[in-house]
Asker: 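Handing you this structure, nothing more for now.
Below, each value reflects all heavy atoms present in this structure, side chains not excepted, and no hydrogens, waters or symmetry copies. The chain is numbered in sequence order, starting from 1.
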Amino acid sequence: MELGSGGSRVVTLLLLFFLLSCAAGKPVSKQMLEMRKHLKRLNKPALKSIKSPDGDTIDCVHISHQPAFDHPFLTNHTIQMKPTFHPDGVLGASKVASTGGSPSTITQLWHLNGRCPEGTIPIRRTRRADILRASSVKRYGRKKHRTVPQPRSANPDFINQNGHQHAIAYVEGDKYYGAKATINVWQPQIQQPNEFSLSQLWILGGSFGEDLNSIEAGWQVSPDLYGDNNTRLFTYWTSDAYQATGCYNLLCSGFIQINSEIAMGASIFPVSDYRSSQYDISILIWKDPKEGHWWMQFGNDYVLGYWPSFLFSYLADSASMIEWGGEVVNSEPDGSHTSTQMGSGRFPEEGFGKSSYFRNIVLVDGSNKLKAPKGIGTFTEQPNCYDVQNGNNGDWGNYFYYGGPGRNPNCP
């Protein structure tokens, strides 16, 4: 059969369309394959699965099958089931403290529907949609570079390029072996899905350059990472300023969890209400003086696990700076400001029941004792958007109120 010029053009166009479709399909199929492999790496076989009321699935994974052991240095690692030493003075903290309401024994929402058996750890299941929200499979579960506040070198150019804003208290100039704080828990409003609001403590070693070591823990609201606006417990670590090492929670190998009760990345319940019940959580991170690992404890009853010392360079010895406070992402262009809230979304001067707080701030010294910090500094890039005010009293020891609404008449 012969084709005229019109028929030839149709065939040519169809062939071109077919070739373009194939070319366009290759990267997509490669990405899907990469995503499936990553999901298989993260979602280990579960002995039991629990559906949380917030839509999460919590998988109870055998302790020896957790993501930590994908790390080549941990292939033959013997799990340390408890720290050699606790810092003196830890006992007596509560799981979730409440003022103005009845104390609750529920610490995470998934507990309403079940618990994981002994010998397993709870892991929030990663879904395909979670990874699709990330910029790439490789970047899923990782912070962007330069997210640590630098109180000694704050300048407007850095702030505008960075997009991260903070209201913190900090200490520096000594060797630190851990820190503890009780953190008021809220559910701040997030303006855009690619923004977040968190309240945490930072254990820092090294410079603020490409070799920064950081261990972090607290609560966060991050629609991009979790797909909702729930307040969630989180951890993070990096040994190279967020470039190639570390991640949130258990989304890479590194942190070794030993606890069957608390799931990293799961929703905290309950949270505080304005002028009503106030809830807080206690977080302690400290360096075991014998083994050298960095341990994390949640409340009084939950020793969650540890970061092996070999993960770090500077923190293999000690920390050189500790920070406590809030952080938000401001993704608004052209100098305008996001309305994403920090803490409760209220300024510090409003006080208890309205503004968010950190209380009973302490350090761990070289003899593994808890001690009150001296010379606490405070820092915020734009106090008209988010601010911080510290103080001291008998019940709360060293404390501070912090946060704010973001965009307002004084922070356009």
Side-chain angles (χ1 to χ4, degrees), residues 44 61-91 93 107 116 118-124 141 175-181 200-206 213-218 233-239 245-266 281-319 322 362-366 368-370:
K44 306 297 184 184
V61 175
H62 193 280
I63 190 169
S64 62
H65 298 158
Q66 62 182 291
F69 298 109
D70 292 339
H71 198 291
F73 289 1
L74 289 171
T75 305
N76 299 312
H77 181 80
T78 301
I79 301 173
Q80 191 175 338
M81 292 307 295
K82 62 180 182 180
T84 311
F85 297 101
H86 272 86
D88 290 348
V90 170
L91 299 177
T107 57
C116 283
E118 287 296 321
T120 69
I121 66 163
I123 302 179
R124 179 185 181 269
K175 287 189 172 185
Y176 307 105
Y177 297 87
K180 185 184 180 187
Q200 67 170 62
L201 56 87
W202 290 260
I203 311 288
L204 299 168
N213 289 198
S214 183
I215 293 173
E216 307 167 23
L233 176 71
F234 83 95
T235 63
Y236 201 93
W237 71 273
T238 181
S239 61
T245 63
C247 59
Y248 281 109
N249 306 324
L250 301 180
L251 296 177
C252 66
S253 58
F255 183 83
I256 298 173
Q257 184 158 338
I258 62 166
N259 186 278
S260 63
E261 298 277 343
I262 302 297
M264 304 290 199
I281 58 173
S282 175
I283 289 177
L284 165 68
I285 296 174
W286 82 100
K287 197 175 200 307
D288 186 321
K290 184 178 179 183
E291 301 293 335
H293 306 320
W294 288 90
W295 285 83
M296 177 179 170
Q297 182 164 310
F298 179 76
N300 182 49
D301 296 333
Y302 306 117
V303 176
L304 299 191
Y306 57 97
W307 292 267
S309 59
F310 75 79
L311 295 173
F312 305 102
S313 51
Y314 296 101
L315 287 179
D317 176 44
S318 61
I322 307 290
V362 291
L363 299 168
V364 181
D365 67 14
N368 202 38
K369 294 185 184 301
L370 294 171

Asker: Would the distance check show the side chain of Gln297 and the main-chain N or O of Gly299 forming a donor-acceptor pair, the cut-off being under 3.5 Å?
Answerer: yes
Asker: Using the ring-ring contact (aromatic ring centres under 6.0 Å, His included) rule, take His86 and Trp295 through it: C-alpha gap first, then chi angles, then the decisive distance, then the call.
Answerer: CA-CA 9 Å; His86 272 86; Trp295 285 83; 8.2 Å; no
Asker: Please report the closest heavy-atom contact between Phe69 and Ser64, naming both atoms and the distance.
Answerer: CD1-O, 3.6 Å
Asker: Of the non-hydrogen atoms in Gly292 and Ser309, which two are nearest, and what is the gap between them?
Answerer: O-CB, 3.2 Å
Asker: Would you mind reporting whether Phe312 and Trp307 have side-chain heavy atoms less than 4.5 Å apart?
Answerer: yes
Asker: Who pairs with Tyr177 by ring-ring contact (aromatic ring centres under 6.0 Å, His included), at least two apart in sequence or on another chain?
Answerer: none
Asker: Sequence neighbours left out, what pairs pass side chain to side chain donor-acceptor pair (under 3.5 Å) with at least one residue falling in residues 246-259?
Answerer: Tyr226-Asn249
Asker: Looking only at atom types and distance, does a side-chain atom of Lys287 sit under 3.5 Å from a main-chain N or O of Asn368, one as donor and one as acceptor?
Answerer: no
Asker: Indicate the atoms forming the closest heavy-atom contact of Met81 with Ile258, along with that distance.
Answerer: O-CD1, 3.0 Å
Asker: Answer yes or no: is there a side-chain heavy-atom contact under 4.5 Å between Leu74 and Gln66?
Answerer: no
Asker: Quick one: does Tyr236's side chain get under 4.5 Å of Gln200's, heavy atoms only?
Answerer: no
Asker: side-chain contact (heavy atoms from CB on, under 4.5 Å), that's the test. Do Ser239 and Leu311 meet it? Break it down for me.
Answerer: CA-CA 7 Å; Ser239 61; Leu311 295 173; 5.8 Å; no
Asker: Closer than 3.5 angstrom, by distance alone: can the side chain of Asn213 be matched with the main-chain N or O of Leu315 as a donor-acceptor pair?
Answerer: yes
Asker: Looking at Ile285, Ile215, Ile262, Ile203, which one forms a side chain to side chain contact (heavy atoms under 4.5 Å, CB included) with Met296?
Answerer: Ile285
Asker: With the side chain counted from C-beta on, respond yes when Leu370 and Pro87 share a heavy-atom pair under 4.5 Å apart, and no when they do not.
Answerer: yes
Asker: Please give me the minimum heavy-atom distance between Phe85 and Pro289, naming the atom from each residue.
Answerer: CD1-CG, 3.6 Å
Asker: What residue among Leu284, Leu363, Ile283 forms side chain to side chain contact (heavy atoms under 4.5 Å, CB included) with Lys180?
Answerer: Leu284
Asker: Between atom CD1 of Ile256 and atom NE2 of His71, what is the distance when rounded to the nearest 0.5 Å?
Answerer: 10.0 Å
Asker: Report yes if the distance between the aromatic ring centroids of Phe310 and His77 is under 6.0 Å, otherwise no.
Answerer: no
Asker: After noting the C-alpha distance and the side-chain angles of Tyr306 and Glu291, does the key distance pass the side-chain contact (heavy atoms from CB on, under 4.5 Å) rule?
Answerer: CA-CA 11 Å; Tyr306 57 97; Glu291 301 293 335; over 6 Å; no
Asker: Closer than 3.5 angstrom, by distance alone: can the side chain of Asp288 be matched with the main-chain N or O of Thr84 as a donor-acceptor pair?
Answerer: yes
Asker: With a 4.5 Å heavy-atom cut-off, do Thr107 and Phe298 have their side chains touching?
Answerer: yes
Asker: Which atom pair, heavy atoms only, marks the closest approach of Cys252 to Pro67?
Answerer: O-CB, 4.1 Å
Asker: Is any side-chain heavy atom of Pro308 less than 4.5 Å from a side-chain heavy atom of Phe73?
Answerer: no
Asker: So which atom in Ile322 and which in Ala179 form the shortest heavy-atom distance, rounded to 0.1 Å?
Answerer: CG2-CB, 3.6 Å
